[in-house]
Every structure is written in C-alpha cells, then in structure tokens.
Amino acid sequence: MKQRSLEELFDQCISKRLIIKNKDMLRHSYTPDVLPHRDEQIENLVHPLISALKGETPSNILIYGKTGTGKTAVVKYVGKALVRKIGGKFYYRPYINRIKPDIEVKNDDNAPLYFIYINCEVVDTQYRMLAKLCEYLGESVPLTGWPTDKVYDTFFNALDSSKRLMVVVLDEIDGLLKKSSEDILYNLTRINTDLKNAKLSIIGISNDLKFIEFLDPRIKSSLGEEELIFPPYDAVQLVNILTQRVSEAFYPDAVGTGVIQRCAAYAAQEHGDARRALDLLRISAEIAERENSKRVEERHVKEAKVKTENDRVIEVLRTLPAQSKLVLYSVVLLEKYNTSTIVTGDVYSVYKDLCRLSGQDILTQRRISDLISELDMLGILNARIVSKGRYGRTREIRVGVPINQIKRELETDYKIERVSSYVPPVQHKLG
DNA sequence: AATCCACAGGAAGCCCGGGAAC
DNA sequence: GTTCCCGGGCTTCCTGTGGATT
C-alpha cells in the first residue's frame with residue numbers, strides 16, 4: 001500500500017516534467033537572443049555608443065517607456081553585445097552585490113568599455129551611487145561615513161586613471177528625484193568636461209513620461225541629448241514575443257490553443273506589459289503542472305490572473321509598516337460601517353482612536369496625509385482630491401481592493417487584531 | 001465678488017540609529 | 001570611547017486652493 005502510493009507520486013512527478021522544459025527562460029530577468037519589435041530602438045541606442053567609442057564626446061541618452069516594454073532588456077542586450085565585440089566589463093545584475101563582472105572580455109588594443117547597470121530604486125542617493133561606482137572601479141568606499149565630495153573625488157580619479165568609456169545605465173532614474181538627490185545627475189552629466197582620459201555616458205531609463213518636466217533645466221539639456229521612446233506592445237506583438245519563448249521553454253504541444261493569445265490579451269489590457277504576459281504564462285504553466293494536466297489551457301491562465309493579483313496585494317499588505325496598517329484599517333472600518341463618503345478627516349479621527357486602543361503613538365495629520373498618498377500609489381486605496389466648496393478641500397478615499405481580503409490579511413497582525421472589535425462612530429455629515 | 005472651509009502639500013528642521021574614522 | 005556624516009521618519013509651520021455659501 002505504502003509502496004504503491006509512493007510509486008504514484010513518482011509517476012506524478014515524472015509526468016509534471018512534460019510541460020515546462022526551461023523555466024528560467026520564462027523569467028523576466030532572462031534576456032533572449034532576439035528582441036522582437038525593438039530593432040529601431042536597438043539601432044538608436046547603438047549609434048551614439050559607437051561614436052563615443054570612436055573618440056567623440058559621448059551623448060547621454062534618456063529612455064522612456066512603461067514597464068515591460070523592453071527598455072531594460074534592450075539596454076542589457078546592447079551592452080552585452082558591445083562588450084563582447086569591443087572588450088571590457090559588463091555588470092548587469094542589479095541585486096547582486098559583488099565586484100566580479102558578469103561578463104568580462106579582454107581586449108588589449110582598445111580602451112575597455114565599462115558597462116554598468118544600476119537600479120536607482122536600490123541605489124537612491126548621491127552618496128550610494130558614487131560609492132557603488134567606486135566599487136565597480138575597484139575602490140572600496142564605506143557604505144556611509146565619508147563626506148560626499150571625497151567619494152566623488154575617489155570616483156573621478158579611479159575613472160580617469162585610464163582611457164576607457166564608462167557607460168552607466170541608471171534604471172528607474174526617477175528614483176533619484178524623489179530623494180532630492182539630483183545633484184548626482186548634475187555632477188555625472190558634466191563630468192566629461194573635466195575628464196582627461198576616460199569618458200562617461202549616462203543612459204537613463206524612466207517609466208514616467210513626465211519625468212523630464214521635473215528636472216533641473218541644466219540637467220535636462222545634457223541628459224536628454226538623445227531620447228528613445230519605447231511604445232507599449234500591442235496584443236499581436238505580445239503574441240510574437242510569447243510564441244518565441246514558448247517554442248524554447250516548453251515541450252512540444254504543451255501549450256493549448258488560445259493560451260498565448262489570452263496571456264497577450266490580458267497583458268495588452270494593462271498597457272502592453274511583456275513582463276506581465278510572461279509572468280502569466282509561467283504561472284499558468286505552474287498551475288497546470290500542479291494539476292497534472294498534460295498541457296496548459298486557457299482556464300489555467302484565468303486562474304493565474306486571479307492568483308497573481310491576490311498575491312501582489314497580500315505581499316504589499318504584509319510588508320506594510322505598522323502605522324500604515326492602522327491607517328488602512330481605519331479606512332476599511334469606515335468603509336464597512338459608514339455609508340457616506342470617506343474623507344481624510346474621518347480617517348484621521350478613527351486612526352487616533354485605534355492608536356489609543358492599541359497603545360501606539362499618534363502621528364500628525366500631515367504625516368497621515370502622506371501615508372494615505374503612499375497607500376494610494378500602491379493601489380490599495382483610491383484617493384482623489386475633491387472640493388466641497390464651503391466645506392473645504394479634501395481627499396475622498398475608497399478601498400481599491402476587496403475589503404474582506406484586506407481586513408483578513410491585516411488582522412493577522414496581532415496589533416490590528418487587538419482593535420478589530422472597534423466600531424467607528426456614526427458620522428453626522430451635512431449633505 | 002468676497003469669504004472661508006478643510007484640507008493638500010512644500011520647506012525646514014529635529015531626532016535617532018547606524019557606520020566609519022579618529 | 002567620541003565625533004562626524006547620512007538617511008529616514010516625523011513634526012512644525014506654512015502657503016495654496018476650488019467652489020458652495022454669504
């Protein structure tokens with residue numbers, strides 16, 4: 001009896017292997033050998049870099065496009081190809097903290113090309129940026145402690161110590177603005193005038209089209225010398241992209257009819273995000289494997305869509321700071337017990353009650369206002385500014401995800417659970 | 001047309017923890 | 001140890017504002 005079930009388990013596990021051949025190829029970190037529908041962008045990126053390698057002053061490049069339009073993939077693709085061709089070093093793994101390059105090609109004849117990929121969400125201040133760049137050049141700088149100009153000098157000297165072209169890719173470059181650290185952009189874009197041997201070229205990647213409006217005009221002109229736009233993929237293009245991956249990543253006949261089309265259609269609805277399309281495909285396949293299906297079917301895609309949306313929300317909720325949880329919980333309670341629209345003031349008064357009940361510090365309304373904005377940006381709340389004339393200007397707030405899901409998830413936190421019996425007082429509102 | 005509400009959201013600065021250098 | 005520096009969370013103080021009401 002025992003043996004039979006074990007045998008069944010083996011059979012099951014073996015049959016599971018019939019769908020996905022190579023899962024890595026379905027992850028967005030994977031850069032494929034061919035990038036469909038991006039020839040124009042690749043060309044426009046290669047040209048300025050080649051002329052810089054020929055000795056001209058390099059142009060800085062600004063790349064726009066929404067998430068999943070292939071910005072990062074194209075830049076890495078080009079970087080990889082150039083380093084292989086010309087020689088140099090390429091660092092592209094954003095989250096791996098190490099000094100060894102991902103690709104290194106020796107070439108004695110030419111000045112080496114240093115191609116460095118940095119994600120500004122992670123490296124989000126002038127100091128950290130310079131320290132990171134120093135690290136790649138073999139200079140060790142403490143994570144904190146030095147005055148910034150000393151770090152800058154260290155970087156400058158290390159860079160200029162030999163003849164080379166350094167290309168710094170700043171992904172999610174808008175991350176640098178929020179922390180009011182645009183000095184780094186100013187310094188980096190002007191560094192070429194002081195460099196004697198080396199050259200530096202910046203490639204900024206942003207998914208915010210309005211990004212440049214907020215820039216200091218001096219930075220704007222030097223950073224945006226070349227601008228590349230990455231339009232979203234339409235459903236047909238997404239189908240092409242997925243088809244290409246499917247042929248390599250799946251076993252033959254493992255993907256049912258309409259699966260690719262459905263993944264592409266869902267992703268096209270959400271501004272043509274190829275990353276999303278790939279995620280859907282991968283998760284659909286995982287669901288199919290778990291069910292022991294012979295192939296991925298459309299219903300798996302539907303299931304995958306629901307699953308990814310839920311997972312995202314739960315992950316966000318779980319990692320929310322305690323104060324944000326209290327604010328969100330206040331909105332949830334108001335939405336549950338209150339019929340009128342919810343405004344900032346209501347949230348704040350419920351929030352204060354919850355703080356007293358749970359023994360936490362009460363923050364100011366100014367701060368809560370910011371926390372509400374953050375929750376709005378995360379998509380958990382929907383807040384819009386409305387003017388009620390004589391009765392002031394405020395935000396109307398609604399919960400953006402199924403309320404019971406949020407409530408349940410928040411109440412797994414014992415601090416929230418403790419105040420879960422609280423009922424907000426009935427609002428007496430005009431109008 | 002003037003008023004005035006209930007906030008939004010910018011600016012400056014405080015405080016604290018963490019890390020490095022002295 | 002002390003001193004210096006940085007970043008992040010937060011407060012205080014402030015100016016700005018759309019439109020119903022006066």
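These numbers come from a predicted model, not from an experiment.
- A rotation axis mapping the C1' atoms of four pairs onto the next four is fitted at both ends of the helix from dA1(B)-dT22(C) to dC22(B)-dG1(C) over five pairs, and the angle between these axes is 20° to 10 degrees.
- Closest contact between the side chain of R390(A) and the listed nucleotides dG9(B), dG19(C), dC4(B) involves dC4(B).
- The phosphate of dA8(B) (OP1 or OP2) has a side-chain N or O of T344(A) nearer than 4.0 angstrom.
- Looking at K302(A) and E298(A), no side-chain N of the basic residue comes within less than 4.0 Å of a carboxylate O on the acidic one, giving no salt bridge.
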If you apply the rule side chain to side chain donor-acceptor pair (under 3.5 Å), what do you find for T69(A) with H271(A), and how did you get there?
CA-CA 9 Å; T69(A) 50; H271(A) 63 255; over 6 Å; no
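- To the nearest angstrom, C1' of dA21(B) lies 11 Å from OH of Y127(A).
- Picking from dC4(B), dC7(B), dG9(B) the nucleotide with the shortest atom distance to the side chain of V343(A) gives dC7(B).
- A cation-pi geometry, defined here as NZ or CZ lying under 6.0 Å from the six-membered ring centre and within 45° of its normal, holds between K76(A) and Y117(A).
- The pair K150(A)-D153(A) does not count as a salt bridge, with every side-chain nitrogen at least 4.0 angstrom from each carboxylate oxygen.
- Closest to the I385(A) side chain, of the nucleotides dT22(C), dC10(C), dG9(B), is dG9(B).
- Among all heavy-atom pairs drawn from K71(A) and Y64(A), the shortest one is CD-C, 3.8 Å.
- One interatomic measurement links the two molecules: NZ of K388(A) to P of dG18(C), which rounds to 16 Å at whole-angstrom precision.
- In this structure, the CZ atom of R384(A) is 15 Å from the C1' atom of dA8(B), given to the nearest Å.
- We find that CD of E374(A) is positioned 12 Å from P of dG8(C), with the value rounded to whole Å.
- Taking 4.0 Å as the cut-off between side-chain N and carboxylate O, E335(A) and R398(A) do not count as a salt-bridged pair.
- Residues from residues 353-371 of chain A that place a heavy atom under 4.0 Å from any atom of DNA chain C, listed by number: I362(A), L363(A), T364(A), R366(A), R367(A).
- Across the protein-nucleic acid pair, I372(A) atom CD1 and dC10(C) atom P stand 14 Å apart, rounded to whole Å.
- We find that OH of Y391(A) is positioned 14 Å from P of dC4(B), with the value rounded to whole Å.
- The interatomic distance linking Y351(A) (OH) with dC7(B) (P) rounds to 16 Å, in whole Å.
- Distance R395(A) CZ to dC5(B) P: 21 Å, rounded to the nearest Å.
- Classification of the Y233(A)-H37(A) ring pair by plane angle, with boundaries at 30° and 60°, yields perpendicular.
- Taking the charged nitrogens against the carboxylate oxygens, R276(A) and D279(A) have no contact shorter than 4.0 Å, which rules out a salt bridge.
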Report the C-alpha distance between E291(A) and E303(A) in whole Å, list the side-chain angles of each, state the deciding distance to 0.1 Å, and finish with yes or no for side chain to side chain contact (heavy atoms under 4.5 Å, CB included).
CA-CA 12 Å; E291(A) 284 186 2; E303(A) 210 175 305; 3.9 Å; yes
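- Of the candidates dA8(B), dT17(C), dA20(C), the closest approach to any side-chain atom of R393(A) belongs to dT17(C).
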